[in-house]
Amino acid sequence: MQIRTGDTFDPRVIALLDHHVTAARAQTAPGSAHALDLSGLRAPDIAFWTGWDGETLVAVGALKTLSAEHGEVKSMHTLQTTRRRGFGGEMLRHIVTEARARGMARLSLETGSWDYFKPALALYRAHGFVLCGPFEGYVEDPNSLFLPLDLSASR
């Protein structure tokens, strides 16, 4: 997979992100969906990447800067037809590498607690993320799981 800086004006990217946001919101209780839409991904505190298998867009992911030392994984999504080929893990490793390169000591994320999100949770746990409480403006919610990764220990 080739990872590139994401173009939020590319129709292929727009279509995959629209599917991501729509699916996440359909699988989450009202008020508990935290997926970023296009305008959210265009914010100055967001770095956004796309993953390509040839000319096929297969994955997206973003890093939100919460502070100089704390980032948040956002908008992780892999094309349904290409799942279980390692693209999600490759994108996650890219985001972790970018966070470290930016001097961040902690990387956090929020994902859903419903069955639909179990594969994502397994991916995050396999990469060292652990469960914790809410962070940076999130509130306790039975529909959300919060996971940090300590980047300072492995520098």
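It should be emphasised that the depicted structure is a prediction, and the values quoted were computed from it without experimental measurement. Just so it is clear, the values below take in all heavy atoms, side chains as well, and ignore hydrogens, waters and symmetry mates.
Evaluation of the ring pair (Phe, Tyr, Trp, His ring centres under 6.0 Å) rule for His34 yields Tyr138 as partners, not counting sequence neighbours. Looking at residues two or more places apart in sequence or on another chain, you find no ring pair (Phe, Tyr, Trp, His ring centres under 6.0 Å) involving Tyr116. Every residue two or more places apart in sequence or in another chain was checked for a ring pair (Phe, Tyr, Trp, His ring centres under 6.0 Å) with Phe117, and none qualifies.
Met104 has its side chain out of reach of His70: every pair of non-hydrogen atoms, C-beta onward, lies at least 4.5 Å apart.
The two residues Leu41 and Ile46 come nearest to each other via the heavy atoms O-CG2, 3.5 Å. Taking all atoms of both residues into account, the shortest heavy-atom contact from Asp115 to Pro119 is O-CD, 3.9 Å. Nearest approach of Met76 to His20, heavy atoms of both residues: O-CE1, 3.5 Å. When all heavy atoms of Gly6 and Thr50 are compared, the pair lying nearest together is CA-CG2, 3.7 Å.
Atoms CZ and CG, from Phe135 and Leu109 in turn, are 6.5 Å apart once rounded to the nearest 0.5 Å. Rounding to the nearest 0.5 Å gives a distance of 4.5 Å between CH2 of Trp49 and NE2 of His94. Leu36 CG to Lys74 NZ: the interatomic distance, rounded to the nearest 0.5 Å, is 4.5 Å.
Annotation: salt bridge (Lys or Arg N to Asp or Glu O under 4.0 Å) contacts involving residues 121-142, sequence neighbours excluded, are absent. Identified under the salt bridge (Lys or Arg N to Asp or Glu O under 4.0 Å) test for residues 27-53, with sequence neighbours left out: Asp53-Arg85.
Proximity of a side-chain donor or acceptor of Thr78 to a complementary backbone N or O of Arg83 within less than 3.5 Å is not detected. Looking only at distances, no side-chain donor or acceptor of Thr56 sits under 3.5 Å from a matching main-chain atom of Val58. For Thr82 (side chain) and Leu79 (main-chain N/O), a donor-acceptor pair under 3.5 Å exists by modelled atom type.
Phe9 belongs to no hydrophobic cluster with other residues, because no ILVMFWY side-chain heavy atom falls under 4.5 Å from its own, directly or through intermediates.
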Derivation of the side chain to side chain donor-acceptor pair (under 3.5 Å) call for Ser144 and Glu110:
CA-CA 6 Å; Ser144 289; Glu110 179 276 339; 2.8 Å; yes
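For the pair Arg4 and Trp52, the distance from NZ or CZ to the six-membered ring centre is under 6.0 Å and the angle to the ring normal is within 45 degrees.
By the 6.0 Å contact criterion, NZ on Lys64 is open, its count of non-hydrogen atoms from other residues, nucleotides or ligands being 12 or less.
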